Amino acid sequence: MEESKLKVVPLGSFQRTRYCGQVNAEDIGKSIRLCGWVDSVRDLGALLFVRLRDREGVIQVVFKSDTDEDLRRRAEGLRSEFVIGISGVVAARTAENVNSQMATGEIEVLAEELLLLNTAETPPFEIGDDTTASEDLRLKYRYLDLRRPVVLKNFRLRHQLSLEVRDYMDQQGFFEIETPFLTKSTPEGARDFLVPSRVHEGCFYALPQSPQIFKQILMISGFDRYFQIVRCFRDEDLRADRQPEFTQIDIEISFPHYDVLFGIIEGMMKRLFRLSGIEVPTPFLRLPYDEVMERFGSDKPDMRFALELCELGAAFQQTSFEAFRRVLDHNGRIKGLRIPGGAQYSRNQIDHWTELVRQNGASGLAWIRSTEGGLRSSLDKVLRPGEAEAVFQAAGGTKDDLLLMVADAKAQKVFDCLNALRLAVGRKEKHAESGRYAFLWVVDFPMFEYHEEDRRFYACHHPFTSPKDEDVAYLTTDPGRVKAKAYDLVLNGTELGGGSIRIHDMQIQKEVFRSLGLTDQETAEKFGFFLEALRYGTPPHGGIALGLDRLVMLLSGEKSIRDVIAFPKTARGTCLMSDSPSAVRDEQLKELHIRLDH
RNA sequence: GGGGUCGUAGUUCAGUUGGUUAGAACGCCGGCCUGUCACGCCGGAGGUCGCGAGUUCGAGUCUCGUCGGCCCCGCCA
């Protein structure tokens, strides 16, 4: 029976006429040809069903003994993930055989010809939306993982978003310009990935952390409006929303105005979200940095819920409670988080929250709870009569509320703790449900941040960020109080992007470098070409960069950007599929003038 | 660099106080089956318990080290 053996054949002139997922009831009676992967085989004997899968969907193909016994027998040789071509006729299923779970469930294809184009090993995990395989296994066999429709759909969305960005930016008058990947290492900022030069012994290129300087130079060139969907590289430790290489929608405009720039971004978000059927109201809320820190304890607050921090320093001003007394004496802060109706939370729950704030560096978590018999507090033994009532009132506490309090000499620690609590409570009370999108512009960031260890200031954004006009005078006298024309776009507690109006005045740029403690010689070495460019008629300019991976992640409801990057790295920066990074041959190192230290 | 958590069949997991031959489900292989769609029924194969030491008469189980996945802190202009 040579005929009935299933053997791999060349594709030859066979061409599909359709994608599996695009066949529908209108095609009933038509002859079609399909190509795809065997999703599953259900062999009932004289009747055999194959689920055939391609990029666009799945369809059922039927092989019957009483139609073509030889063909049906050959189909018995089919296994999962074999690659096949099918010719057949589209047929309606009888009413009782309709599968309402399937997009193509009303129809099936009666096979007339079967081409085995390739066989496949049994995959290490089942390829389906409900696979139970662990993430490391999926990453090792990423090509199989990407066959799963739920995974694929993220990349379809990502493609559509990129396309929409390009179309929108074109309409807004932007040019997409490519900038170098082999570029110059610059001080400050993240750690650079370095690329050794073969031609120039001992010299290195750096992969760009962002195209920052190049896009500013394009403004000096008069390009007026630039954008790029561009890969960026930062050699820092990874997180669920951080990869060593990631993609930004990078934007720069000349003669910028907040309203113009923000309007461009808001318009873009409107269009991108519309692709997913989501209407985004604009303009987005704008709040200054100082205010969001005081109200939410974070510079990227999740605005889907209204819980806010309250100020308790004044209410504890006269306290005799030693720990709080000390904090106030050292110019520290005492702030609280009032949870309406939170009195019902158990001691056990509060213990969990105490652990949470300890992890964030606080020495403890104090609380006041409203009960039937009056207020109860963790500080009952140490507060003066009436003090708890006064504090609770200062927090706006009413019946059945719970007030959580953190005190520390360092304001940042208080903010960190209460932000962590706020997010934990928000999650617990399901305020942050999916399907809701709350945008926020955080503006007026501080210009500099003091680094205790290095005993110097660092730029909060980057050293080309313009100070606010009214703060220029403090650049050299009191850098800590200078606010910058810098802003972040925050969505649901994730920093989606950030940018600034840049410095176009050489004099101010020099003062900023001086505030950062950089000598003229250092700045000349590192930024010389850029500083020179600034002299040749630099227009006022500014821009922003948005994280495309994070945007796709939020829109697809994924918890990690790994799910929206085709070939992502693990938490330790390796690729489980290609096994990179890896050692290289000695000759390669020699050519690069590199000797290893082992 | 630090903290947490996980690692047992191809996969996901169970495995009691340290004790006989390490189990289940799914998958895989073979057989039967004309309407399946998580097909069903019968049978079968499949294990370096991540790796290495140690304790013990005896280790999947206890100890130490190490490697790897994930989450968090630091870091990320």
Side-chain angles (χ1 to χ4, degrees), chain A residues 39-51 58-67 69 72 76 79-81 91 93-102 104-105 108 110 121-141 144 186-192 209-210 212-213 232-244 246 355-356 358-361 413 416 420 423 445-449 451 453 457-465 484 486 495 498-500 512 516 518 526-527 545 547 559-560 562 569-572 574 576 579:
Chain A
D39 198 64
S40 67
V41 179
R42 278 183 291 274
D43 184 354
L44 274 64
L47 187 61
L48 185 147
F49 300 98
V50 169
R51 276 169 60 99
V58 181
I59 194 166
Q60 175 163 283
V61 181
V62 191
F63 296 84
K64 284 179 165 177
S65 280
D66 52 16
T67 310
E69 167 62 11
R72 197 230 90 227
E76 283 178 7
R79 295 292 179 270
S80 289
E81 302 311 313
R93 299 198 196 184
T94 59
E96 67 272 22
N97 285 325
V98 166
N99 183 348
S100 57
Q101 309 295 311
M102 236 176 137
T104 58
E108 59 194 4
L110 307 177
E121 299 273 305
T122 301
F125 56 88
E126 288 171 65
I127 296 169
D129 285 353
D130 48 359
T131 191
T132 52
S134 62
E135 191 177 1
D136 52 323
L137 193 72
R138 291 171 41 208
L139 288 181
K140 181 174 179 188
Y141 298 96
L144 300 180
T186 52
E188 321 259 322
R191 201 174 290 117
D192 286 319
Q209 297 174 28
S210 82
Q212 185 60 38
I213 290 180
C232 301
F233 307 86
R234 295 179 189 177
D235 188 7
E236 298 292 347
D237 288 345
L238 290 79
R239 289 284 188 282
D241 62 352
R242 267 164 41 188
Q243 285 272 304
F246 61 99
E355 183 52 34
L356 182 66
R358 289 226 167 93
Q359 282 167 11
N360 281 276
K413 211 173 265 185
D416 289 346
L423 294 177
F445 271 77
M447 183 82 181
F448 306 105
E449 197 171 23
H451 199 269
E453 275 175 36
F457 282 98
Y458 280 92
C460 280
H461 188 53
H462 57 61
F464 316 113
T465 300
E495 181 193 329
S500 64
V512 169
L516 291 169
L518 297 174
K526 300 298 182 185
F527 306 114
K559 290 192 172 63
S560 166
R562 288 188 299 275
K569 306 280 191 289
T570 67
R572 293 188 64 246
T574 63
L576 296 178
D579 196 28

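Residue numbering restarts at 1 for every chain, and letters A, B, ... go by the order of the sequence lines. In what follows, every heavy atom counts, from backbone to side chain, and hydrogens, waters and symmetry copies are set aside. In this text the structure is predicted, and so the values were computed from the model without any measurement.
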Could I get the full list of side chain to side chain donor-acceptor pair (under 3.5 Å) partners for [X], not counting sequence neighbours?
X        : answer
A/Asn360 : none
A/Thr94  : A/Asn97
A/Gln212 : A/Gln216, A/His462

So what's [N] paired with, Watson-Crick or G-U wobble, going by both distances under 3.5 Å?
N     : value
B/U16 : none
B/C28 : B/G44
B/C70 : B/G4
B/C37 : none
B/U63 : B/A53

Discussion item. For nucleotides 28-34 of chain B, give me one character per nucleotide, 5' to 3': B if any protein heavy atom sits under 4.0 Å from the base, S if the only such contacts are to the sugar-phosphate, - if neither.
Written reply: SSS--BB

Residue [X], side-chain heavy atoms: nucleotide from [options] that is nearest:
X        : options             : result
A/Arg42  : B/U12, B/C75, B/U36 : B/U36
A/Ala571 : B/U11, B/C39, B/C71 : B/C71
A/Asn97  : B/G69, B/U12, B/C37 : B/C37
A/Met102 : B/G35, B/C37, B/C71 : B/C37
A/Ala190 : B/C70, B/C75, B/C76 : B/C76
A/Asp237 : B/G74, B/C70, B/U36 : B/G74
A/Glu236 : B/C76, B/G69, B/U36 : B/C76

Discussion item. Closest-nucleotide mapping onto RNA chain B: is A/Leu576 or A/Glu108 further toward the 5' terminus? I mean the 5' end.
Written reply: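 Closest to the 5' end, via its nearest nucleotide, is A/Glu108.
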
Discussion item. Using heavy-atom distances to pick each residue's nearest nucleotide on RNA chain B, tell me which of A/Thr131 and A/Val62 is more 5'.
Written reply: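 Closer to the 5' end of RNA chain B: A/Thr131.
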
Worksheet item: Sequence neighbours excluded, which residues qualify as side-chain contact (heavy atoms from CB on, under 4.5 Å) partners of A/Thr574?
Response: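 If we apply the side-chain contact (heavy atoms from CB on, under 4.5 Å) test to A/Thr574, skipping adjacent residues, the hits are A/Thr570, A/Leu576, A/Pro581.
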
Restricting both atoms to N or O, compile the protein contacts to nucleotides 42-45 of chain B shorter than 3.5 Å, with distance only.
none

Under the rule for salt bridge (charged side-chain N to carboxylate O under 4.0 Å, His left out), what residues qualify as partners of [X], not counting sequence neighbours?
X        : value
A/Asp241 : A/Arg550
A/Glu69  : A/Arg72, A/Arg73
A/Arg242 : none
A/Arg191 : A/Glu236

Worksheet entry | All ring-ring contact (aromatic ring centres under 6.0 Å, His included) counterparts of A/Phe233, not counting sequence neighbours |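 For A/Phe233, the residues satisfying ring-ring contact (aromatic ring centres under 6.0 Å, His included) (neighbours in sequence not counted) are A/Phe181.
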
Fill in: Presence of donor-acceptor pair under 3.5 Å, side chain of A/Arg242 and base of B/C75
yes

Interface polar pairs with nucleotides 23-26 of chain B, N/O, under 3.5 angstrom:
{"residue": "B/C26", "atom": "O2'", "partner": "A/Glu126", "partner atom": "OE2", "Å": "2.8"}

Pairwise [atom1] distance, [M] and [N] [rounded to whole Å]:
N     : M     : atom1 : result
B/G68 : B/G31 : C1'   : 42 Å
B/U12 : B/U20 : P     : 27 Å
B/G50 : B/C70 : C1'   : 16 Å

Worksheet item: Hey, does A/Phe125 reach any base, or is it just sugar-phosphate, or nothing, if we go heavy atoms under 4.0 Å?
Response: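 The answer is nothing, as A/Phe125 stays clear of every strand by at least 4.0 Å.
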
